[in-house]
Amino acid sequence: MATFNSAMTITCILLALFLSSDIGIIPHVESLGINYGQVANNLPQPDKVLELLSTLRLTKTRIYDTNPQILSSFANSNIEIIVTVENEVLSQLDDPQQALQWVSSHIIPYLPETKISGIQVGNEVFTDDDDTLLQHLVPAVVNIHNALSRLGYSNIQVSTPSSLAVLQNSYPPSAGSFKSEINGIMFQFLNFLSTTRTPFWINAYPYFAYEDDPSTIPLDYVLGNNPNAGMVDPYTKLHYDNMLYAMVDAVYFAIAKMGFRNIEVRVSETGWPSKGDPNEVSASPQSAATYNRNLIRRQMANEGTPLTPRIRLEVYLFALFNEDMKPGPTSERNYGLFQPNESMTYNVGLFSVSTIPKSTSTPTSTSTPTSTLTSTSTSSASFFVTSSSTKTKVAPKEYQSLVFWMFVHLLILTFSV
């Protein structure tokens, strides 16, 4: 057992060094996006939403369909849009001709005036209650990609967002692994992402982890407040001061254990509800403002995760508006930064200083790991979200190969002990 533990520790450390180095890491365009859900009957018209996004200086959004009114309204703007193929359509896209027809009717009419940057094929298909959907996922992804390439738009990335529930293990991050029952199709999907140099998107919500275990998980760690003790991965010795980064790195490890090392992980959804049912004690405007503000500050600081510090983590906040028709607990209808009348649910600092009332102090929760939330008041600095880009150096292929095969060798030794 001691030999196995030593080998596992060495393997995880080498894997961490391999992933956190510049080897094979692709350039990363830095920006913050926001999810524009529409499960409501009282939302502003798309042209008003475009004005709001412009005021916020946000240039990336994601919608959960291919709403023609939105795609038309966003034409000739600087907003990049990720659109979604609804889950119920996936089975039709097994047929390449049907996929070509779908792209021709749902995407092509809006190009190039509307900046469609990506297509998400389904949503959380790997963990959907309808397990028959999964068999259609990879064929649909491949067929959509091929249709875009055939029509001259291979630059539009095709992927699918997954729930964190795709992981069998996520703690500590170095233990990250996919559920065995989805490994076959997951390998096919990862192979597609690797070949097309497309990111793996994950919906990651520290809120749910805290709700499940508020008595042992420090709230400051979940909200990303600094300073906090955080946690140290016992194998890689990497320190995490917020849970979101730990979740993302668990996905990186899971992908690496499947044999892929050049796939970037991005966050398709993360957020915190401002209101909940009586048993959802951490759903509050104070905690929601704190979580999102901390995340935005980290974005502005060009932060990457401890495992991939040279790549700023790309994040899409959930969500732009509260959506009054979403099913489930009260929290599901209260993730929005804005009310449907475009008033702020709480201030996360996306407006310029001149547009915010002077009394903008925001409570932040203390690190008391209990279900009763307490808070103190801190000053609220306001700032714009801007875009920039950075690139990392790529090591010579000979060095990449050497490190990779060292890792493989140690991995084999580990599991042969």
*Knowing that exactly one of Leu56, Leu50, Leu52 qualifies, which makes a side-chain contact (heavy atoms from CB on, under 4.5 Å) with Ser54?*
Leu50
*asked:* Would you compute the distance between atom OG of Ser149 and atom CG of Asn155 and round it to the nearest 0.5 angstrom?
replied: 9.0 Å
*Test Trp201 against Leu193 for side chain to side chain contact (heavy atoms under 4.5 Å, CB included), laying out the working first.*
CA-CA 11 Å; Trp201 292 91; Leu193 297 183; over 6 Å; no
*Do Asn143 side-chain atoms and Ala140 backbone N/O form a donor-acceptor pair below 3.5 Å?*
no
*Just checking, is any N or O donor in the side chain of Asp233 or Ser174 under 3.5 Å from an acceptor N or O on the other one?*
yes
*If only atom types and distance count, is the side chain of Tyr221 paired as donor or acceptor with the main-chain N or O of Met231 below 3.5 Å?*
no
*Quick one: does NZ or CZ of Arg298 land under 6.0 Å from the six-membered ring centre of Tyr245, within 45 degrees of the ring axis?*
yes
*Residues Asn78, Thr59; criterion side chain to side chain donor-acceptor pair (under 3.5 Å); working and verdict*: CA-CA 6 Å; Asn78 67 335; Thr59 60; 5.7 Å; no
_Given 3.5 Å as the limit, does a donor-acceptor pair link the side chain of Ser163 with the main chain of Ala165, or not?_
yes
*Is the backbone of Leu100 close enough, under 3.5 Å, to the side chain of Ser104 for a donor and an acceptor to pair up by distance?*
yes
*Determine, step by step, whether Met258 and Phe178 satisfy the side chain to side chain contact (heavy atoms under 4.5 Å, CB included) criterion, reporting the C-alpha distance in whole Å, the side-chain angles of both residues, the deciding distance to 0.1 Å, and the verdict.*
CA-CA 9 Å; Met258 295 287 285; Phe178 291 114; 3.8 Å; yes
*asked:* So that I know where these two stand, are Tyr205 and Trp272 an aromatic pair - ring centroids less than 6.0 Å apart?
replied: no
_Less than 3.5 Å apart, any donor N or O on the side chain of Asp65 or Thr84 sitting next to an acceptor on the other?_
no
_Within this structure, what is the NZ-OG distance for the pair Lys257 and Ser177, rounded to the nearest 0.5 Å?_
5.5 Å
*When rounded to the nearest 0.5 angstrom, what distance separates CD1 in Ile34 from CG in Leu317?*
5.5 Å
*Ring centres of Phe187 and Phe260 under 6.0 Å apart?*
yes
_Tyr335, Tyr36, Tyr207, Tyr291 screened by ring-ring contact (aromatic ring centres under 6.0 Å, His included) with Phe318, the one that passes_ = Tyr335
*Does atom NZ of Lys326 have more than 12 heavy-atom neighbours, drawn from other residues, nucleotides or ligands, at distances under 6.0 Å?*
yes
*If only atom types and distance count, is the side chain of Thr198 paired as donor or acceptor with the main-chain N or O of Ser159 below 3.5 Å?*
no
*Side-chain donor-acceptor contact under 3.5 Å, Asn225 with Asp220*: yes
*asked:* With a 6.0 Å cut-off (strictly less than), is the heavy-atom count around CD of Glu113, excluding the residue itself, greater than 12?
replied: yes
*asked:* Tell me whether Gln97 at atom CD has more than 12 heavy atoms from other residues, nucleotides or ligands lying less than 6.0 Å away.
replied: no
*Atom of Ser274, atom of Thr345 and distance for their closest heavy-atom approach*: OG-CG2, 3.4 Å
*Could you tell me whether the side chains of Thr290 and Ser287 share a donor-acceptor contact shorter than 3.5 Å?*
no
*How far apart are the C-alpha atoms of Val267 and Tyr316, what are their side-chain angles, what is the distance that settles it, and do they pass the side chain to side chain contact (heavy atoms under 4.5 Å, CB included) test?*
CA-CA 6 Å; Val267 178; Tyr316 279 66; over 6 Å; no
*State, without any angle test, whether Ser331 and Asn334 hold a side-chain donor-acceptor pair at a distance under 3.5 Å.*
no
_Ion pair check, Lys60 and Glu314, cut-off under 4.0 Å_ = yes
*Is a side-chain donor or acceptor of Ser343 paired with a backbone partner of Gln339 at a separation under 3.5 angstrom?*
no
*Give a yes or no on whether the backbone of Val85 and the side-chain of Gln120 come within a donor-acceptor separation of less than 3.5 Å.*
no
*Intermediate values then yes/no, side chain to side chain donor-acceptor pair (under 3.5 Å), Asp213 and Thr216*: CA-CA 6 Å; Asp213 193 10; Thr216 59; 2.4 Å; yes
_For a side chain to side chain donor-acceptor pair (under 3.5 Å) check, start with the C-alpha distance between Ser180 and Gln168, then their side-chain angles and the critical distance, and finish with the verdict._
CA-CA 8 Å; Ser180 58; Gln168 182 69 47; 5.1 Å; no
*Going by atom types alone, do Ser268 and Asn203 pair a side-chain donor with an acceptor below 3.5 Å?*
yes
*Are any side-chain N or O atoms of Asn169 and backbone N or O atoms of Tyr171, one a donor and one an acceptor, separated by less than 3.5 Å?*
no
*What do the steps show when you test Asp47 against Ser73 for side chain to side chain donor-acceptor pair (under 3.5 Å), and what is the final call?*
CA-CA 6 Å; Asp47 59 336; Ser73 297; 5.7 Å; no
*Looking at Glu323 and Arg333, does any basic side-chain N land under 4.0 Å from a carboxylate oxygen?*
no
*Taking Thr61 for its side chain and Ile81 for its backbone only, find out whether a donor-acceptor pair lies under 3.5 Å.*
no
*Under 3.5 Å donor-acceptor, Gln135 side chain and Thr132 backbone*: yes
*Identify the heavy atoms of Ala288 and Pro273 that sit nearest to each other, and give their distance.*
CB-O, 3.8 Å
*Do Glu280 and Thr330 have side-chain N/O donor and acceptor atoms under 3.5 Å apart?*
no
_If you apply the rule salt bridge (Lys or Arg N to Asp or Glu O under 4.0 Å), what do you find for Glu80 with Lys115, and how did you get there?_
CA-CA 5 Å; Glu80 296 181 10; Lys115 296 180 179 178; over 6 Å; no
*Establish, from distance only, whether the side-chain atoms of Asn123 and Asn87 form a donor-acceptor pair under 3.5 Å.*
no
*Kindly write out the residues that satisfy salt bridge (Lys or Arg N to Asp or Glu O under 4.0 Å) with Glu269, not counting sequence neighbours, or none if the list is empty.*
Arg62
*Are Ile156 and Leu111 close enough, and set up right, to give a side chain to side chain contact (heavy atoms under 4.5 Å, CB included), and what steps lead you there?*
CA-CA 11 Å; Ile156 297 178; Leu111 299 174; 3.8 Å; yes
